[in-house]
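First the structure, in the form of C-alpha cells, and then the observations on it.
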Amino acid sequence: MGHDHGNVIPSYMKVFYTLCTLTVLTVVAAKSLHFPASWGTPGDILHVSIGVIIAVIKVIAVMYIFMHLKFDHPFLRFLVYVPAFLFVVLTFALNFLESWDYIH
Amino acid sequence: MSSALNLSHEPVTKIPHGKLVMWAFLASELMFFSGFFGAFIVLRNANYDTFGQGSALLSWPLALVNTFILIGSSLTMAMCIYHLERKNNRFFQLFLGLTILGGFGFLIVKFIEYSSKFEHGLFPGQEHHTLFFSFYFMMTGFHAIHVIAGMIPMSFMWFKSFTKKGYPYPVKVETLGLYWHFVDLMWIFIFPALYLMIPYHGAIGGH
C-alpha cells in the first residue's frame, strides 16, 4: 500500500492554483518584459533566466506535493536531486557561457 | 523447521521496488531531455534570428491551453491515487478517467498545431526555419510519445477498475502517477523554451 499522508487535497489544490498562476506569470513576463535593445545578449540571458526560475519553482511544487517527495523516503530525494541539479546547472551554464562567447 | 526459502522479503530501502525503479527511470529520462535542452540552448544562442523567427511562428495560446490541460491532469492523477488509497473506487474511476481525457485533449491540441505547421510548410527539410522546426518536432514529438505511453497503462487500469475485482493496486497507480507528473514537468520547460523565449521582440503571429 502507498503511505497515507492524511488529507492532502488542500495541498493539491494549493499546488494547482500556484501552477496556474505561475504559468500566467511566465506568459506575462515573456510578453511584457522588454529589455532595452542596447542590452543585447545580456537582456536575453535575463529574459531566459526569469523563465527558467519560474519553471524551477513549478517543478519543485509538483515534485514535492504531487509526486510525494515531501513525504517519501529521503533516498528518493537524493536520487532525484542529483539529475535535477545537473539539469538546472546545465540550462543556466550553457545559457550564460554560450551567450558570453557571442558577446566577446 | 521448514526448509522452504522465505521469499516474501521487504525491500531493503523500504521503498516499493516498482517505485524506486520508476524514480531511477525518471532520473535517466531527465538526462535524456537534458541532451535536447543543451543542444537547443547552444544552437539557439548561435542562431538568434533563425530561432526568433521560428519561435514567433508558433501558436503560444494553443501551447498555453495544453499547459493548463497537463496541469489539470496532474491534479486529477494525484486525486485518483488519493481516492484509490481510500478505496473510493467511484472517485478513482472519475479522476483517472479525467486524467486520460486530459491526455487525449493534449494530443488533439497537438494534432491541430502540427496540422497547421504542415499546412504552412513549417517542418524540417524545408527552405526556411529547418533548424528551429527540427527542434520543435523532436522535443514536442518525444513529449507526445511520452503522453501516449502514459495513457496506455492508464486506460488499462481504468477499464480494469470496472471489473468486479476493481483495481486494487494503489502502489502501481502511484508509480504510474510519478511518470505522468514527469511528463507534466517536461512540458513546464518545453513551453517557455520553444514558445515564449523569443530571442528578439519581433512580430508575434502563430499558425
Side-chain angles (χ1 to χ4, degrees), chain A residues 1-5 7-9 11-13 15-16 19-20 22-24 26-27 29-31 34-35 37 41 44-45 47-48 50-52 54-56 58-59 62-63 65-69 72-73 75-77 79-80 82-84 86-87 90-95 97-102, chain B residues 13-16 19-20 23-24 26-31 33-35 37-46 48 60-61 64 67-68 71-72 74-75 77-79 81-82 84-86 170-171 173-175 177-178 180-182 184-185 188-189 191-193 195-201 204:
Chain A
M1 275 296 283
H3 306 287
D4 191 346
H5 313 303
N7 185 11
V8 284
I9 290 180
S11 304
Y12 288 165
M13 294 313 294
V15 170
F16 175 69
L19 292 175
C20 290
L22 289 175
T23 300
V24 172
T26 308
V27 176
K31 298 292 168 200
H34 296 277
F35 297 106
T41 307
D44 184 66
I45 294 173
H47 205 227
V48 173
I50 291 167
V52 174
I54 296 174
V56 169
K58 287 164 81 174
V59 166
V62 172
M63 289 207 314
I65 306 297
F66 281 172
M67 296 172 94
H68 294 174
L69 265 192
D72 264 330
H73 198 282
F75 177 71
L76 285 181
R77 271 175 248 165
L79 191 70
V80 176
V82 176
L86 288 174
F87 178 78
L90 178 96
T91 314
F92 272 105
L94 277 178
N95 193 39
L97 296 174
E98 282 294 313
S99 303
W100 192 257
D101 273 355
Y102 295 106
Chain B
T13 55
K14 308 283 179 202
I15 305 164
K19 201 170 166 182
L20 184 62
W23 272 112
L26 295 183
S28 74
E29 281 278 277
L30 190 60
M31 290 291 103
F33 276 96
S34 297
F37 280 101
F40 177 80
I41 293 167
V42 170
L43 287 168
R44 176 188 179 275
N45 288 346
Y48 267 14
W60 67 265
L64 182 65
T67 307
F68 284 122
I71 291 172
S74 256
L75 174 71
M77 188 75 212
M79 296 286 244
I81 296 162
Y82 175 84
L84 185 62
E85 281 173 348
R86 278 150 191 81
V171 175
V173 181
E174 195 182 344
T175 306
L178 291 175
W180 194 252
H181 295 309
F182 176 80
D184 179 27
L185 293 186
I188 285 174
F189 279 100
F191 172 52
Y195 296 83
L196 299 176
M197 297 301 147
I198 300 176
Y200 76 104
H201 301 295
I204 310 294

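As a basis for the values below, the full set of heavy atoms in this structure was taken, side chains included, without hydrogen atoms, waters or symmetry mates. Lettering of chains follows the sequences in order, A, B, ..., and the numbering in each one begins at 1. A quick note: this is a predicted structure, and the numbers were derived from the prediction, not measured.
In terms of heavy-atom pairs under 4.5 Å with chain B, the best-connected choice from I9(A), I65(A), L19(A) is I9(A). Most heavy-atom pairs under 4.5 Å with chain B: of the set V80(A), L79(A), L76(A), this distinction falls to L76(A). Across S74(B), G72(B), A24(B), the residue that shares the most heavy-atom pairs under 4.5 angstrom with chain A is S74(B). Of the listed residues (G177(B), S28(B), P192(B), A27(B)), the one with the most heavy-atom contacts under 4.5 Å to chain A is A27(B). Interface summary for chain A: among L178(B), L185(B), I188(B), L75(B), the most heavy-atom pairs under 4.5 angstrom belong to L75(B).
With a 4.5 angstrom heavy-atom cutoff, T67(B) touches chain A only via side-chain atoms. Using a 4.5 Å cut-off between heavy atoms, A84(A) touches chain B through backbone and side chain atoms alike. Only the side chain of F191(B) comes within less than 4.5 Å of a heavy atom in chain A; its backbone stays farther off.
Taking both residues in full, the closest heavy atoms of K31(A) and Y195(B) are given as NZ-O, 4.3 Å, listed atom of the first, atom of the second, then distance. Of all the heavy atoms in L196(B) and A30(A), the pair that sits closest is CB-CB, 3.6 Å. Closest heavy-atom contact between M197(B) and V48(A): SD-CA, 3.9 Å. Closest approach of A78(B) and F66(A) over heavy atoms only: CB-CD2, 4.0 Å.
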Query raised in the report: Are V24(A) and F68(B) close enough, and set up right, to give a side-chain contact (heavy atoms from CB on, under 4.5 Å), and what steps lead you there?
Result: CA-CA 10 Å; V24(A) 172; F68(B) 284 122; 3.9 Å; yes
Requested in this report: Might you work through the side-chain contact (heavy atoms from CB on, under 4.5 Å) test for F189(B) and V56(A), ending with a clear yes or no?
Outcome: CA-CA 9 Å; F189(B) 279 100; V56(A) 169; 4.2 Å; yes
Requested in this report: Before giving the answer on side-chain contact (heavy atoms from CB on, under 4.5 Å), spell out for H73(A) and L20(B) the whole-Å C-alpha distance, their side-chain angles and the decisive distance to 0.1 Å.
Outcome: CA-CA 10 Å; H73(A) 198 282; L20(B) 184 62; over 6 Å; no
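Once rounded to the nearest 0.5 Å, the distance linking CG of D72(A) with CD of E174(B) reads 6.5 Å. Atom CZ of F182(B) is separated from atom CE of M67(A) by 8.0 Å, given to the nearest 0.5 angstrom.
Taking the ring centroids of F37(B) and F87(A), they lie under the 6.0 Å cut-off.
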